[in-house]
Amino acid sequence: MFAALYLVIASLAGRAVLLPVFRRFRTSPGENRFWTELAASFGCGTVLVTWAVYLLAFFFHAVLKIPQPLLPANAVVLPAAALLAFPALRGKLPKNGLISDPRRFRKEALLYGALLLFLTFTMFYVFRVKDGAVCMGYTVFSDYSPHTAMIRSFSLGANYPTQYPHFGGEDVKYHFLFQFLCGNLEYLGFRLDLAFNVPSILGLLGFLILLSQLGVRLYGRLLPGAAAVVLFFFRSGTAFFRFLYEGLASGELGTLLAENTSFIGYTPNENWGLWNYNVYLNQRHLGFALLIGAFVIRCFLPLLEAGVSAAGKGPAFFRDAFAKPSFWRLSDLRSACLLGLFLGALSFWNGAVVIGTLLILFGMAMFSSGKLDYLVTAVLTVLLSFVQTKLFIRGSAVSPAFYFGFISEDRSLAGVLLYLAAITGLTVFGLLLFIRKRARLEHVLIFAFLLPLLFAFTASLTPDVTVNHKYIMISCAYLGLFWGKILSGLLGGKVPRTEKTKDRRALPYGLRIAAAGVLLVLLTATGLYDFAMILRGNAAWRHTETDLSSDTTAYLAEETGPHELLLTGEYTVNEVTLSGRMMYCGWPYYAWSAGYDTALRGERALAMYTTDDPELLDALVTEEGISCIVYEEGMTISDVPCREDVIASVYPLVFTSADGRFRIYRTAE
């Protein structure tokens, strides 16, 4: 009850704070602003309230030494947020109301209702609690290890100052506030799967609502936005067609289709599910953060439309965009500040969305009026990101470097272009065939939406450049709007508002339907097969199960401190990680890809578990600040058998699990 109340109060508080933005929010005829305000209120309000709870909990624990600070933090923030939310209930509605087109509203309600059901099914399909055990599907459980460990570090502990559970004792380099939100919801009463899934569902639903409403704003119809939502789930790409060709050539297509359980792909790491919907099932904070980014983009769209309309034709278009004084006037300082505050607040929810959104805004600002509004938002975003980095990270947050080619095996220009065509199919290069001469607004938006993709192929901010794939997916999500417009144009209906003349070369209706069908297959076939692999790869017999009532989890949560450092095996998900306690060196890839130096700890963990010298063991344990050593029956480190006898000769045994699988040795009081 309290967890659900938290989300409701946060949404209302978000609406109250955003009232100045909503009062200046410009809509087109037939655009039902209800959906945009609903999604934005939930996203921004949840960010606002969650930050307030986190900062208060930090103060109560780190300064006042309250062992479990979430109780007083929520007790202070939620009533205050409820008072803040009161104006949202009394606020005057815009002149044309929240619903200007009831007929379209009903269609939108059906679309978003279907989306809600689809998202709920898929989120719980891969992560659910059943018979007291948490079940994680095979295509997602690896990423869920650091996420659930961080969630539990708040719901079962007090992770302030915040550390990374798979590399305890250091700062936190990985964005964690979405996991804090989930941990707080579990603390307030949600079961673990509800705490993780509910904000994930609502966040991604909010982004897809805003994406489809962008289509309504641009084209005056729901169909382009609805098609963009379909393309969001089912990607374009060449993998399925090559898979189909090879299966037919070998005569084993039927067997491959029936027995395959893995993602297909012929480029590096494509078989990870790097480009399909599985990413959003893995990276729940990505979808949530995209909601805020999309709202900021939508708020600046009228300024871009005004700039494109006011600029001259031909070369004058570029000259006017920078030379006309009217293009540099400040339009709405208050809204620009609020949007900058919310976008900046996302830095430790998902930093990639902040960077991607700023890149898109930069592309829009080049040709937009109200350039100072963009500048204010960008400066506040960067300033807030800098402050958060100094608060949470010791040293540098990123290591920026020029890195051309992303993960393409052939990093020549031709090789990179072929690689891009392979992973995105028609999405990027196919648009070149449909760009119209007179659609200047579309040209600018395509340019802006491509900037995150360009960044992904030219820069690296972390040790693992593969994480740049999120920028490419952000670009593809927005580019889907233009494919949605192309598909809806083939299917008929009203001419989009952006077209001033009738196209006399239109195909006969039957051919247009056939062309739309062929185009839809080319755009979605690979994604549809990927989705089939999500269903098959996370079926009931293809998931991990971890007992939520484990005595090992309970002992660690109750008998060890939230910042005590545990020496453990190289764990992904098990009873130890779900305790939320800090591991000296969990699964190394998680910490390495987040920017931690795992090599030294890996060597020392191996030495402590395998040495036959008790004095060396004790010296290393003391030097590294290890409080407990967890020994699992038959465990190995880097394929080397571990020595429990040496550990037992130095430290007292304080816990043995009921099944005898885990034993814990206390090294310090």
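Going from atom CH2 of W275 over to atom SG of C476 covers 8.0 Å, rounded to the nearest 0.5 Å. Atom OG1 of residue T466 and atom CG of residue N269 lie 5.0 Å apart, to the nearest 0.5 angstrom. A distance of 5.5 Å separates CG in L346 from CD1 in I292, rounded to the nearest 0.5 Å. Taking CH2 from W51 and CD from Q388, the interatomic distance works out to 4.0 Å, rounded to the nearest 0.5 Å. Annotation: the span from L653 atom CG to T656 atom OG1 amounts to 4.0 Å, rounded to 0.5 Å.
With sequence neighbours left out, Y280 forms a side chain to side chain donor-acceptor pair (under 3.5 Å) with no residue at all. Residues forming a ring pair (Phe, Tyr, Trp, His ring centres under 6.0 Å) with F121 (at least two apart in sequence, or on another chain): Y125. For R536, there are no side chain to side chain donor-acceptor pair (under 3.5 Å) partners at least two apart in sequence or on another chain. Looking at residues two or more places apart in sequence or on another chain, you find a ring pair (Phe, Tyr, Trp, His ring centres under 6.0 Å) between F243 and Y529. For N271, there are no side chain to side chain donor-acceptor pair (under 3.5 Å) partners at least two apart in sequence or on another chain. For Y555, the ring pair (Phe, Tyr, Trp, His ring centres under 6.0 Å) partners are F655, not counting sequence neighbours. With sequence neighbours left out, F180 forms a ring pair (Phe, Tyr, Trp, His ring centres under 6.0 Å) with Y54, F154.
Side-chain contact between T598 and Y589 is absent, with no heavy atoms from C-beta onward closer than 4.5 Å. Proximity of V198 to L202: side-chain heavy atoms (C-beta onward) are separated by under 4.5 Å at one or more points. Side-chain contact check for Y6 versus V53: some heavy-atom pair is nearer than 4.5 Å. Side-chain contact between F348 and I393 is present, with heavy atoms from C-beta onward closer than 4.5 Å.
Partner F234 forms a ring-ring contact (aromatic ring centres under 6.0 Å, His included) with one of Y277, F531, F240 and no other, that one being F531.
Judged by distance alone, the side chains of H166 and Y174 never bring a donor and an acceptor atom under 3.5 Å apart. Residues E624 and Y584 bring a donor and an acceptor atom of their side chains to less than 3.5 Å of each other. The closest side-chain donor-acceptor pair between E246 and Y266 falls under 3.5 angstrom. Side chains of S549 and D547: a donor-acceptor N/O pair is present below 3.5 angstrom, by distance only.
By the 4.0 Å N-to-carboxylate-O rule, E559 lies too far from R666 to be salt-bridged with it.
Judged as a side-chain hydrogen bond (donor to acceptor under 3.5 Å, both in side chains), the pairs with a partner in residues 135-144 (not counting sequence neighbours) are, in order, T139-N278, T139-N538, S142-Y590, D143-Q283, Y144-R284. Screening residues 120-136 for salt bridge (charged side-chain N to carboxylate O under 4.0 Å, His left out), with sequence neighbours left out, gives no hits. Each salt bridge (charged side-chain N to carboxylate O under 4.0 Å, His left out) pair with one or both residues in residues 175-193, not counting sequence neighbours, appears once here: R152-E186, R191-D193. Residue pairs meeting the salt bridge (charged side-chain N to carboxylate O under 4.0 Å, His left out) criterion with at least one partner in residues 260-270, sequence neighbours excluded, are R235-E270. Screening residues 57-73 for salt bridge (charged side-chain N to carboxylate O under 4.0 Å, His left out), with sequence neighbours left out, gives no hits.
Between F178 and F196, the two ring planes are tilted [angle within 30° to 60°].
With a 6.0 Å cutoff to the six-membered ring centre and a 45° limit on the axis angle, K173 does not count as a cation-pi contact of Y164.
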